[in-house]
Each structure stands twice: as C-alpha cells, then as structure tokens.
Amino acid sequence: MKIKILLTVIILFGFFIRIWRIDHIPPMVDRSIYFFRIVSSLSYIGSGFLLYIFTKRLMHFKRIALLSAFIYTLLPWSFEQSRITSLPNIALFIFLIFLNFFTFNKQVILKIISLVFLITVYFYLYPQVLNIVPVFKIQISQILHNFFSILSPEFFLFKNNLYWWGGVRDWGIINISLLPFMVIGILFLIERKKYQIIIWTLLIALCTALNSDFPETRVFYLSLPFISVTIATGIFKFIKKESLKIRIIFLILLAFYFYDLAQYFHYYLIHYPQQISGNISEIHEAF
C-alpha cells in the first residue's frame, strides 16, 4: 500500500510540473490547443500506472516497478513530451494498454485481436507510426545506418535528432548519469532471460529506422517504457549488493544524477524557450 501511495504522489507531482505556469504560456503557443496539452499530461499519468503494472507482473518486484515509473517520469524525452501537445505521448498510453494485454494473455486469438486493435487505433490517431518503407525499397546499408544511429551513445546521451525543430534536440533521451545502470540492467535482463524488454526496444528501433519520415520521427518514443525498466533493473541490481564500496559508488552516482537532472531542467526552462523563440518560423505544428 505504501508503494502504491508513493507511486501516486510521484506521478501526480510529475503531472503538476507538466501543467505548471498555465498562466505563463509562451506567446508563440496557441492557447486554444492547451486542452490537448492537458490530454497529453493525462496520458502521461496513465502511462506511469500502466508501466508500473506491466513491470510488476513481468519482473515480480514492486521496487523495480516503482523505480521504472519514477525513471520514466523524469527522463528528458518523457518530461518534454508530457508538457506539449504530443500525439506520441498519447500513442504511448495506447501502446502500454496493448502491451499489458498482449504480454500476459495466453490466448493467441486475443493477442491477435489486441494487435489489430493497436494498428487500427494508430491508423487514425498516429498514422506516422505506420509510415514504414518496405525493405526492398531501401538499401540495407541505409537501414543499418539508421538503426545503429538510433542505438548510438550520441543519440541516447547527447543529441536527440529524431524530432522536428520544436523539440529538445540538443539533449539525449536519457541522462548520462543513468548509463551505468542501463548497462547493468541489460546484463541482468539477459541473465534473468527477460528478453521481451530488449526485443521490444530493438523492434521499435527497427520500425523507426524504416520510417519514411526518418530522421524526423518520434516513433522511438514508444521504447521509453522498456528503457525505464532496463535502467530501474540496473539500479535495483546495483543497490542490492551489501557492500560498503558499492553503496559509496551508488551515492556518488546518485549525486551525479541529481546534478545531471538539474542541468537538464536549467536548459529546458531557461535556454530552450530562448532557442524556440529565435526559430519559431521553423516550427510547423502545435507544441
């Protein structure tokens, strides 16, 4: 019960941050679309709970599930998308509904029905996900280049170029301080034979690489739940060791993480609005 209460507080706090300063909407933002920003934030809340449920059922650890929801809440890409009019954010909520149903339902026919439902909803809600170029129409070298650029350290940590001009392109999709935990998480998932997390991430990366809008596509945003679970698993595995040296290293990494997080908030709240104001002519959709 305490874990559920804490999870609720964390997610509601995140929601508050996302709708913060409702009376200070930047002049370049159409106030008539602010309703859709609320919908995007509500989708974020639902995604946090669905991610908690999915991780708890998959990993059988409440702490990993709670950590996953917490990490997802504060990832740079998640934080940014939840404060704007974001169809990918709503699409992620739909995807997590599908994921919970598809993963834990043993009847094949129901799995197929859920997949058809997901594709149908995406066709009307977020058709960009389905803009996949047939493999025979694109060179293998180009596919590999796109695929590995998505999974590169530069993309994860420094430059998120899978975005139109309105997004935070000068920041990775995760904080660099989380990289050690992500590596540990990948090794632990392989050790525990939880291949679903890795397979889904790679599959979404492939769909992104084949997307006709590449590199300006946010399809890879759907992988954030799996990235969050991986990082949370690494943290859980790391702090589980009862070693003084490990605890000291963890505290150092934790301090680095909060510093890293403060840097991102400073960039997003101070420098990013100035950057957008100077390039408003390059933005062609609501945000």
Side-chain angles (χ1 to χ4, degrees), residues 1-18 41-83 89 92-93 95-104 173-175 177-198 200-201 221-242 246-247 249-258 260-262 264-265:
M1 181 61 69
K2 291 182 178 179
I3 289 180
K4 291 182 179 180
I5 293 175
L6 182 58
L7 174 64
T8 303
V9 170
I10 290 172
I11 292 182
L12 290 178
F13 174 72
F15 175 64
F16 169 77
I17 291 176
R18 282 154 175 76
S41 294
L42 290 174
S43 298
Y44 147 81
I45 291 180
S47 296
F49 278 105
L50 290 172
L51 176 58
Y52 172 79
I53 294 171
F54 171 76
T55 310
K56 181 183 175 183
R57 296 182 68 181
L58 181 68
M59 303 300 295
H60 306 292
F61 284 104
K62 287 184 178 181
R63 291 184 180 180
I64 295 181
L66 179 60
L67 278 172
S68 298
F70 177 75
I71 294 297
Y72 164 73
T73 300
L74 293 178
L75 284 178
W77 210 3
S78 168
F79 182 86
E80 172 212 21
Q81 287 293 291
S82 299
R83 298 192 75 245
N89 199 45
L92 177 60
F93 172 70
F95 178 68
L96 282 168
I97 294 176
F98 156 79
L99 189 65
N100 275 281
F101 194 86
F102 183 86
T103 304
F104 305 112
I173 64 173
I174 70 171
N175 302 92
S177 53
L178 295 175
L179 180 60
F181 301 118
M182 187 172 182
V183 173
I184 295 172
I186 292 173
L187 296 176
F188 184 66
L189 289 172
I190 294 175
E191 178 186 340
R192 291 284 303 274
K193 298 182 179 180
K194 299 294 184 181
Y195 302 122
Q196 303 98 313
I197 301 296
I198 299 174
W200 273 112
T201 305
Y221 185 76
L222 300 178
S223 69
L224 285 192
F226 308 112
I227 294 172
S228 302
V229 173
T230 303
I231 294 172
T233 302
I235 295 174
F236 178 78
K237 181 68 174 178
F238 196 85
I239 63 178
K240 194 176 179 181
K241 294 183 178 297
E242 296 182 359
I246 295 296
R247 296 293 174 84
I249 293 174
F250 176 74
L251 290 176
I252 293 174
L253 290 174
L254 186 63
F256 180 37
Y257 171 68
F258 282 116
D260 196 8
L261 200 60
Y264 173 72
F265 287 155

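Worth knowing before you read on, the calculation uses all heavy atoms, side chains too, and leaves out hydrogens, waters and symmetry mates.
- For the atom pair CZ of Phe256 and CG of Leu178, the computed distance is 9.5 Å after rounding to the nearest 0.5 Å.
- The closest side-chain heavy-atom distance from Leu253 to Phe181 is below 4.5 Å.
- When the side chain to side chain donor-acceptor pair (under 3.5 Å) test is applied to Asn100, no partner is found at least two apart in sequence or on another chain.
- Under a 3.5 Å cut-off, the side chain of Lys194 and the backbone N or O of Leu58 do form a donor-acceptor pair.
- Contact detail for Pro76 and Tyr264: the closest heavy-atom pair is O-OH, 2.9 Å.
- If you take CG on Leu254 and OG on Ser177, they are separated by 9.0 Å, rounding to the nearest 0.5 Å.
- Taken from CE in Met59 to CD1 in Ile197, the straight-line distance is 7.0 Å, to the nearest 0.5 Å.
- Thr103 OG1 to Leu96 CG: the interatomic distance, rounded to the nearest 0.5 Å, is 10.0 Å.
- Counting heavy atoms from C-beta on, the side chains of Tyr257 and Leu261 come closer than 4.5 Å.
- Remark: Tyr195 OH to Ile190 CD1 distance equals 7.0 Å, nearest 0.5 Å.
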When the side chains of residues 224-232 are checked against the rest of the protein, which donor-acceptor pairs come out under 3.5 Å, sequence neighbours left out?
residue: Ser228; atom: OG; partner: Leu224; partner atom: O; Å: 2.8
residue: Thr230; atom: OG1; partner: Phe226; partner atom: O; Å: 2.8

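- Taking CH2 from Trp200 and OG from Ser223, the interatomic distance works out to 12.0 Å, rounded to the nearest 0.5 Å.
- Gln196 and Lys193 make their closest contact through OE1-O, 4.3 Å (heavy atoms, listed as atom of the first residue, atom of the second, distance).
- Ring planes of Phe250 and Phe238: tilted class, angle from 30 to 60°.
- The nearest pair of heavy atoms linking Arg57 to Phe104 is NH2-CB, 3.1 Å.
- In terms of heavy-atom proximity, Tyr221 sits nearest to Ser78 at OH-CA, 3.7 Å.
- Side-chain contact between Leu50 and Ile97 is present, with heavy atoms from C-beta onward closer than 4.5 Å.
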